[in-house]
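Step one of this worksheet: look at the structure below.
Order of appearance sets the numbers: ligands from 1, and atoms from 1 within every ligand.
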Amino acid sequence: MKPTNLFFTSFSLLLCVVIHGKVFANAAATDSHSFANVQDVRTTNLSLDLTVDFTRKQLSGYAEHQLQWLNPKATRFIVDTRALVVEKVQGLAADGQWSDIKYVLGIADPIKGQPLTMQLTPKVSTVRIFYHTTDGTTGLQWLSAMQTTEKKQPFLFSQSQAIHARSWIPLQDTPAVRLTYQAHIRTPKDLLAVMSADNSKNTERDGDYQFSMPQKVPAYLIALAVGDLHFKEMSEQTGIYAEKAWLDKAVYEFADTQKMIDVASKLYGEYHWGRYDLLILPSSFPFGGMENPRLSFITPTVITGDRSLVSLIAHELAHSWSGNLITNSSWNDLWINEGFTNFVENRLMREVYGDARADMEANLSYHELLRDMHGLSPLDTALRVDLTGRDPDDAFSLVPYVKGQLFLSWLEFKFGQARFDEFMAGYFGKHQFQSMDTKVFLQFLTEQLINKYPGVVTAQQIEQWVDKPGIPADAVVSQSDAFVKVEAQLKLWLTQEQPLRRLNTTKWTVHEWLHFINQLPRELSFAQLSELDEVYMFSSSLNAEIFVAWARLTIPQNYPPIFTPLRKFLLEVGRTKFVVPLYKELKANPEKSGWASAIYRDARAGYHPLTQSQIDKFLF
Ligand code: BES
Ligand code: ZN
């Protein structure tokens, strides 16, 4: 920091405590996970100018904020940062001159990071923050060439949700604020950069890329990836970005994407974002998918060759309405994003692939929810939660997803599908490009459905769903005829009426196999497990969902044949949903916890920082 800032430093350290106290109190109503003084001033447009340095694993450059002042008396602009080095801040005055702005980086909060407080008044409408990222950056994963599929070029990707955008861009990191953005990204010459913005499919690969996102998005939807990426079209509106090895496989796997867009637009109104492309990430990507606008980020673990896991695409696409168009105003209301999205996802799957598949998928996620809820405190099973003082990553569970979905399915059941479809289309139309919290949603629901059709549901029932723990007894859980048949076949084997080879499984899809594995007794003899493996080859399944379900069953039973493929899986795949439960099962087995730690020592460097921090918590 320059000497001119010293005065401001000591002065503001004192002042900041007081002022932060006030700012925090104001902001607490909306977003306790951000330091930004959004009541005073908001960024309306962000312009990034960044260089991607793979040798130093560093982004450096500047973030230019266009400001809209709401409070004429304000004297500061506070943004969120985490583990960033701020080099200087400049402001543009009305006379067109750039000048240095005094600033101070506050004390680091373990969850929120550091507030960057800049001393300026509404006279300044444009601010440039010069900075670079560090090893502590949680929102980026830098992969060496060896950690990619092709093993030729390094790879970089961002994952900003929930509060990691601040670790690679200094900004107001709250979903309550929306901005447009542009970016100028410099990379090594033969790599391609893509963003959650317009990606020109014919862009010259020259290491110099320009992006523009003309629609207002919340900070957590700003995304960047750089690698040896290639593009292939699926339809006029959709295409795949991937390393070469995945390109054709992904084009085949996700060929129905356009159909999904068409169905969703018909049900919920226009698709507002122009193109919809998919980016296939390396297998360390910590999530199944991330709904970055115009360019969903997708794990390669759903590329199975049989299109069995494409509900993930329906899910990320659904976010183009629920989440990206209408955005949870804080992480307390995550169900506004994920519950709606799970509901829309299932509706799209029903329209495109039929009732049987949609019923199976809804039923599988219901059972996953029950399993997940076992480990949760009752308070965390309400839809509306208060995460003040907690890291949103730690509070993550299936509750906002599946309980949210069940709530909407219950409303659909009560009011009838036609009325509920109309309600949903009205919701997306009326609130587009805005943020939404539970309270405003409930007002809209009351106006548009509850009061219009009196006597269908009571305020008490709604309160039960939204603010009370657990699942209401009259939840509408999809039953699957196909699963009833699976259970009947399984019973024939368990009661020794039929040997495995005689069971009728010829038409089973991945969903039926998953249900079959989930329904197996938790304790089986070695002979039974071997018989299952011999006939169905679960231990060598290339479908990650099946492999993981089988591994979770067999680890506690010390079933020897699982451990070689399991080691390979843990070294290759970093998707948190898979690896965290696997390490937990291993840790819980006294004979295997040492083995797990040894594997983790080798695998850790290949995992994303978010995955690492989750596993570090219980394995070391
Ligand atoms: N937006 C989420 C991922 C996310 C949520 C990241 C909260 C950080 C904080 C994404 O759309 C998602 O839900 N992914 C799921 C997909 C699944 C439920 C179909 C995943 O990654 O498994
Ligand atoms: Zn989602």
Which ligand 1 atoms, with their elements, are less than 4.0 angstrom from a heavy-atom of [X]?
{"X": "G288", "value": "20 (C), 21 (O), 22 (O)"}
{"X": "G289", "value": "3 (C), 10 (C), 11 (O), 12 (C), 14 (N), 21 (O)"}
{"X": "L312", "value": "16 (C), 19 (C)"}
{"X": "R575", "value": "22 (O)"}
{"X": "E291", "value": "1 (N), 2 (C), 10 (C), 11 (O)"}

H315, M290, E316 screened by side-chain contact (heavy atoms from CB on, under 4.5 Å) with S296, the one that passes: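 It is E316; the other options fail the test.
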Of the protein's non-hydrogen atoms, which lies at the shortest distance from atom 2 (C) of ligand 1, and what is that distance?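 Checking every protein heavy atom, the shortest distance to atom 2 (C) of ligand 1 gives E338 OE2, 3.2 Å.
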Counting non-hydrogen protein atoms only, what is the nearest one to atom 3 (C) of ligand 1? Give residue, atom name and distance.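 The answer is Q161 OE1, 3.7 Å.
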Can a side-chain donor-acceptor contact be found between Q432 and H272 if the only test is distance below 3.5 angstrom?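 The answer is yes; a qualifying pair exists.
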Between E368 and S365, does any side-chain donor sit less than 3.5 Å from a side-chain acceptor?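 Judged by distance alone, the side chains do not pair up.
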Does anything in residues 607-620 pair up under salt bridge (charged side-chain N to carboxylate O under 4.0 Å, His left out), and if so which pairs, sequence neighbours excluded?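 Matches after skipping sequence neighbours: D394-K617, R604-D616.
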Does any N or O atom in [X] lie less than 3.5 angstrom from one in ligand 1, N or O only?
{"X": "E316", "answer": "yes"}
{"X": "H319", "answer": "yes"}
{"X": "Q159", "answer": "no"}

Does K439 pair with D437 as a salt bridge, N-O distance under 4.0 Å?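 So K439 does not pair with D437 through a salt bridge.
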Side-chain heavy-atom pair I471, V477 within 4.5 angstrom cut-off: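 I471 does not reach V477 side chain to side chain.
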The one among F578, Y220, Y401 that brings a heavy atom closest to atom 15 (C) of ligand 1: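 Comparing heavy atoms across F578, Y220, Y401, the nearest one to atom 15 (C) of ligand 1 lies in Y401.
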Does R294 qualify as a cation-pi partner of Y276, given the criterion of NZ or CZ under 6.0 Å from the six-membered ring centre and within 45 degrees of its axis?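 No, cation not above the ring by the 6.0 Å, 45° rule.
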Quick one: report the N, O or S atom of E338 that is nearest to the Zn ion (ligand 2).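 Nearest N/O/S atom: OE1.
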Minimum heavy-atom distance between P293 and M213, given as atom pair plus value: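 That would be CB-CE, 3.7 Å.
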